[in-house]
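The sequence lines fix the lettering, A, B, ..., with proteins before strands; numbering per chain opens at 1. As the structure is a prediction and not an experimental result, all values here were calculated from the model.
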Amino acid sequence: MPHILHAIPRERSVTVHPEDVLSWFATAERDLPWRAGDVTPWQILVSEFMLQQTPVARVLPIWPDWVARWPTPSATAAASQADVLRAWGKLGYPRRAKRLHECAGVIARDFADVVPDDVELLQQLPGVGSYTARAVACFAYRRPVPVVDTNVRRVVARAVHGQADAGPASAKRDHADVSALLPGDDQAARFSAALMELGALVCTARSPRCDGCPLRSTCRWRLAGSPPPVGPKRPAQRYAGTDRQVRGRLLDVLRDTDSAVSRADLDLAWPVDPVQRERALASLLGDGLVEQLADGRFALPGQDRNDSTASR
DNA sequence: CACTCGTGGCA
DNA sequence: TTGCCAAGAGT
């Protein structure tokens with residue numbers, strides 16, 4: 001008997017008991033609007049697009065208005081890209097808004113306006129990667145697939161591997177890690193939501209609240225004395241002065257007006273460095289987030305331009 | 001694999 | 001103040 005036990009590698013012994021996480025979740029779950037019972041798969045997909053690299057608090061004021069205005073893929077696809085970009089506002093990474101618009105068109109045209117429930121099909125949609133495909137399959141269709149986001153990877157890194165933070169993402173290993181924890185029955189989907197919630201509320205990147213953690217008695221990282229992260233940390237990404245900031249400024253000008261704007265108007269948005277400004281504008285045109293009209297002015301793609309200032 | 005791509009809040 | 005970070009995807 002002891003012989004068998006000793007043959008089990010430490011890494012693989014159980015440190016996460018699903019029932020502990022689920023009972024914690026029952027009391028700690030946030031009342032997020034996209035978790036309500038009458039929310040459709042499409043509306044859940046919209047929330048996942050918005051939540052890609054964007055905090056919940058910033059999505060909260062945008063999502064309800066968005067899904068009320070465009071409740072289905074076909075309704076979304078029928079909107080102009082300009083209206084979509086304006087409704088997206090300052091959520092950031094506006095290419096997501098464009099991909100969401102494209103995604104709506106594909107679902108409306110190729111899937112009869114019904115969001116697929118299969119991970120492989122979902123992942124072929126524009127803007128839908130491994131995480132989002134699994135999140136929709138799980139949260140919208142209750143499929144028992146592993147859902148691995150940055151929160152889950154951090155919880156697993158700590159509780160299972162005893163490391164302060166997760167290393168670089170590795171789809172195969174990450175999915176295997178979570179699959180090993182998933183309760184095999186109809187609790188799997190709820191468990192995935194609970195694991196994400198635990199990472200978001202308790203097992204946070206900075207100053208985790210271990211006192212309130214349902215895993216505190218078995219967490220390998222805690223049992224090891226909460227050692228600091230090992231290895232080199234990636235240099236923090238800058239924003240001030242980057243092309244991304246310039247793109248943001250240019251797009252901000254175009255979102256704020258119903259009419260097309262001249263190149264001189266765009267110059268005002270980033271006067272200091274014309275070379276960088278032109279590079280940013282070119283990249284926005286290349287991304288299809290901005291278009292240039294025949295008269296040389298610029299506008300969000302597909303917007304109505306019946307403005308009286310148009311030169312004839 | 002490494003890099004780009006927004007934005008704002010918080011320690 | 002500045003650095004860190006937030007339900008990633010695409011190239």
Side-chain angles (χ1 to χ4, degrees), chain A residues 29-30 32-35 43-63 85 88-100 102-103 122-140 145-155 164-172 174 178 189 192-201 203-209 229 232-255 269-270 276 279-280 282-284 286-290:
Chain A
E29 178 181 9
R30 288 171 293 179
L32 301 175
W34 43 86
R35 288 175 175 166
Q43 293 162 356
I44 290 174
L45 178 53
V46 171
S47 78
E48 295 298 344
F49 265 87
M50 292 181 173
L51 288 162
Q52 290 168 2
Q53 293 285 285
T54 301
V56 167
R58 301 235 315 270
V59 173
L60 239 23
I62 304 293
W63 181 86
L85 285 170
W88 192 261
K90 306 200 76 169
L91 274 183
Y93 292 145
R95 294 191 297 191
R96 290 181 296 162
K98 178 179 168 61
R99 290 174 185 146
L100 176 57
E102 294 167 353
C103 181
L122 283 162
Q123 203 168 339
Q124 292 173 26
L125 296 168
V128 177
S130 176
Y131 163 75
T132 301
R134 293 165 177 281
V136 170
C138 177
F139 303 140
V145 295
V147 181
V148 181
D149 74 332
T150 184
N151 290 307
V152 170
R153 296 202 316 112
R154 185 173 54 248
V155 171
D165 51 23
S170 166
K172 289 208 55 135
D174 294 342
V178 175
S192 283
L195 212 52
M196 286 177 62
E197 194 82 331
L198 187 64
L201 298 182
C203 194
T204 53
R206 287 175 299 191
S207 54
R209 301 159 174 80
K233 41 178 166 280
R234 298 180 49 189
Q237 64 166 356
R238 297 287 176 187
Y239 179 62
T242 61
D243 285 6
R244 296 156 73 180
Q245 185 183 27
V246 182
R247 285 167 53 106
R249 292 284 178 84
L250 296 176
L251 218 47
D252 209 24
V253 171
L254 294 167
R255 271 195 307 259
W270 194 262
Q276 188 180 31
R279 186 171 64 235
S283 73
L284 287 171
D287 284 345
L289 292 170
V290 175

Item to complete: Could you go through the side chain to side chain donor-acceptor pair (under 3.5 Å) check for A:R99 and A:Y93 one step at a time?
Response: CA-CA 11 Å; A:R99 290 174 185 146; A:Y93 292 145; over 6 Å; no

Look at all strands and tell whether [X] reaches a base, only sugar-phosphate, or nothing, counting heavy atoms closer than 4.0 Å.
X: A:W88; answer: nothing
X: A:V128; answer: sugar-phosphate
X: A:Q237; answer: base
X: A:S283; answer: nothing
X: A:A205; answer: sugar-phosphate
X: A:G129; answer: sugar-phosphate
X: A:R279; answer: nothing
X: A:L251; answer: nothing
X: A:R35; answer: base

Worksheet item: Within a strict 4.5 Å, meaning less than it, do heavy atoms of the A:Q43 and A:E48 side chains meet?
Response: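 They are not in side-chain contact.
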
Item to complete: Of all the heavy-atom pairs spanning A:M196 and A:N151, show the shortest one and how long it is.
Response: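 Closest approach of A:M196 to A:N151, heavy atoms only: O-CB, 3.6 Å.
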
Discussion item. If you compare all heavy atoms of A:L85 against all heavy atoms of A:R255, which two are closest, and at what distance to 0.1 Å?
Written reply: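 Heavy-atom minimum between the residues: O-CD, 3.5 Å.
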
Could you please name the option among [options] that lies closest to any side-chain atom of [X]?
X: A:Q53; options: B:dC5, C:dG8, C:dC5; answer: C:dG8
X: A:V56; options: B:dT7, C:dA7, C:dG8; answer: C:dA7
X: A:T150; options: B:dT7, C:dG10, C:dG8; answer: C:dG8
X: A:P55; options: B:dG6, C:dA6, C:dG3; answer: C:dA6

Practice prompt. Look at atom CZ of A:R30 and say whether more than 12 heavy atoms of other residues, nucleotides or ligands are closer to it than 6.0 Å.
Written response: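 Yes - once you tally the heavy atoms of other residues, nucleotides and ligands closer than 6.0 Å, there are more than 12.
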
Between [X] and [N], is there a contact of a side-chain N or O with OP1 or OP2 at under 4.0 Å?
X: A:R96; N: B:dT7; answer: no
X: A:R247; N: B:dG6; answer: yes
X: A:Q52; N: C:dG8; answer: no
X: A:Y131; N: C:dA7; answer: no
X: A:T132; N: C:dA9; answer: yes
X: A:R238; N: B:dC5; answer: no

Worksheet item: Mapping A:P168 and A:G89 to their closest nucleotides on DNA chain B, which lands nearer the 5' end?
Response: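 Upstream on the strand: A:P168.
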
What is the distance, to the nearest angstrom, from the [atom1] atom on [X] to the [atom2] atom on [N]?
X: A:D174; N: C:dA9; atom1: CG; atom2: P; result: 13 Å
X: A:Q123; N: C:dA9; atom1: CD; atom2: C1'; result: 10 Å
X: A:R206; N: C:dT2; atom1: CZ; atom2: P; result: 16 Å
X: A:L60; N: B:dG9; atom1: CG; atom2: C1'; result: 15 Å
X: A:R58; N: B:dG8; atom1: CZ; atom2: P; result: 6 Å
X: A:D243; N: B:dT4; atom1: CG; atom2: P; result: 9 Å
X: A:L85; N: B:dT7; atom1: CG; atom2: P; result: 12 Å
X: A:N151; N: C:dA7; atom1: CG; atom2: P; result: 4 Å

Worksheet item: Of A:R99 and A:L32, whose closest DNA chain C nucleotide lies nearer the 5' terminus?
Response: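 Result of the comparison: A:L32.
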
Worksheet entry | Upstream residue (5' side of DNA chain C) when A:E48 and A:G127 are each assigned their closest nucleotide |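 So the residue in question is A:E48.
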
Discussion item. Less than 4.0 angstrom from a charged side-chain N to a carboxylate O is my criterion; do A:R279 and A:D243 meet it?
Written reply: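 Salt bridge between A:R279 and A:D243, a charged N being under 4.0 Å from a carboxylate O: yes.
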
Worksheet item: How far apart are the C-alpha atoms of A:V290 and A:L250, what are their side-chain angles, what is the distance that settles it, and do they pass the side-chain contact (heavy atoms from CB on, under 4.5 Å) test?
Response: CA-CA 9 Å; A:V290 175; A:L250 296 176; over 6 Å; no

Worksheet item: Taking the P atom of each, how far is B:dC10 from C:dA7, in whole Å?
Response: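 The answer is 15 Å between these two P atoms.
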
Worksheet item: When only distance counts, do a donor and an acceptor, one from the side chain of A:T54 and one from the base of B:dG6, lie under 3.5 Å apart?
Response: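 Present.
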
Worksheet item: Any donor-acceptor pair under 3.5 Å joining the side chain of A:R244 to the base of B:dG6?
Response: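 Yes.
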
